[in-house]
Amino acid sequence: MKGPECQRIGLAELTDYAAGELPDGQVAAIEDHLFACSDCGARAGEFDTFVRAIRRAVRSAEVGGFMTDAVLNRLARDGVRVRSYALSPDAVVPCAVWEDDELMALRLRGDFGNASEFTLSQRMAGSEVSRATGQVAASSHGELIFAIPAAWIRQLPEVQVEVLLTAHENGQDRLIASYTLLHGGSLHR
Amino acid sequence: VLLTFYADREAPRIAEDLGVSPGAVRTIRHRAMARLRECVLGGVPA
């Protein structure tokens, strides 16, 4: 008969530990326990696999969403080809990805106030096709960065995509801006 | 999560990037990891 599983080191502790953000005393205690406890050791192993999978998914440009310049810079260092579009409120911008592009970065401008949580919704012909919410702040250039995998764009027909950006501030939603992308499909050199 | 585990940024820098406190960075990160885990593994308890 198996006893109740040891729950001493959970996801939160493993996250802070892997991030290198625990005080020295706690690090030693966690490491001692992980060596001694098979339940928590197994959980730590699963966590490690999970973090590697996250890195791999990002590096292979399978993941979109709100990002910052720090993440884009790291992607560039890893050789990921990123195409950027700067969009002002109400802009209507023709856009396309080249065959070797891996990620499209929308650099969205607008009056973001002090918000640090935003939702981006993409609509085609009045229907929402994607929606993402994230904690992020504008870059030093006053832009919010949202990345879309080029593979997703490639499978779109020539279509007009309306991008709506909403800020969540003090319990209220505020529409920041709408941007229009005229997708022209995939370009070949 | 990306800033920590992909861009290797520490909480105080992330806090600056995201316009929140370092404590909030940890909270947001815990919540995000729990949600990601749930998305990937379904309802398997941690």
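Here is the naming used below: chain letters follow the sequence lines, and residue numbers restart at 1 for every chain. Bear in mind that the values here come from a model prediction, so they are computed numbers and not experimental data.
The contact between V51(A) and chain B is made entirely by side chain atoms (from C-beta outward), counting heavy-atom distances below 4.5 Å. For R59(A), the parts lying near chain B are the backbone and the side chain together; criterion is any non-hydrogen pair under 4.5 Å. Contacts of L36(B) with chain A are made by both backbone and side-chain atoms, with heavy-atom separations under 4.5 Å. When heavy atoms are compared at a cutoff of 4.5 Å, T68(A) approaches chain B solely by way of its side chain, counted from C-beta outward. With a 4.5 Å cut-off on non-hydrogen atoms, A18(A) touches chain B through its backbone and its side chain both. With a 4.5 angstrom heavy-atom cutoff, L3(B) touches chain A via backbone and side-chain atoms both. The parts of L75(A) that come within reach of chain B are both its backbone and its side chain, each placing non-hydrogen atoms under 4.5 angstrom from that chain.
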Exercise. For V129(A) and E162(A), run side-chain contact (heavy atoms from CB on, under 4.5 Å): C-alpha distance rounded to whole Å, both residues' side-chain angles, the deciding distance at 0.1 Å, then the answer.
Key: CA-CA 10 Å; V129(A) 291; E162(A) 192 188 3; over 6 Å; no
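Note: V71(A) leads N73(A), V71(A), D78(A), V136(A) in heavy-atom pairs under 4.5 Å with chain B. For the set R9(B), R31(B), R29(B), the count of heavy-atom pairs under 4.5 angstrom toward chain A peaks at R29(B).
Going from atom CZ of F47(A) over to atom CG of L14(A) covers 5.5 Å, rounded to the nearest 0.5 Å. One finds the CD atom of E13(A) at 10.5 Å from the CD atom of Q7(A) (value rounded to the nearest 0.5 Å).
No chain of hydrophobic side-chain contacts below 4.5 Å, direct or via other Ile, Leu, Val, Met, Phe, Trp or Tyr residues, connects L164(A) to F118(A). By the criterion of side-chain heavy atoms lying less than 4.5 angstrom apart, applied directly or through intervening Ile, Leu, Val, Met, Phe, Trp or Tyr residues, L175(A) is not grouped with Y179(A); the two fall into different hydrophobic clusters.
The closest side-chain heavy-atom distance from Q160(A) to L181(A) is not below 4.5 Å.
The side-chain tip of R74(A) points at the ring of Y6(B) from less than 6.0 angstrom away and within 45° of straight on.
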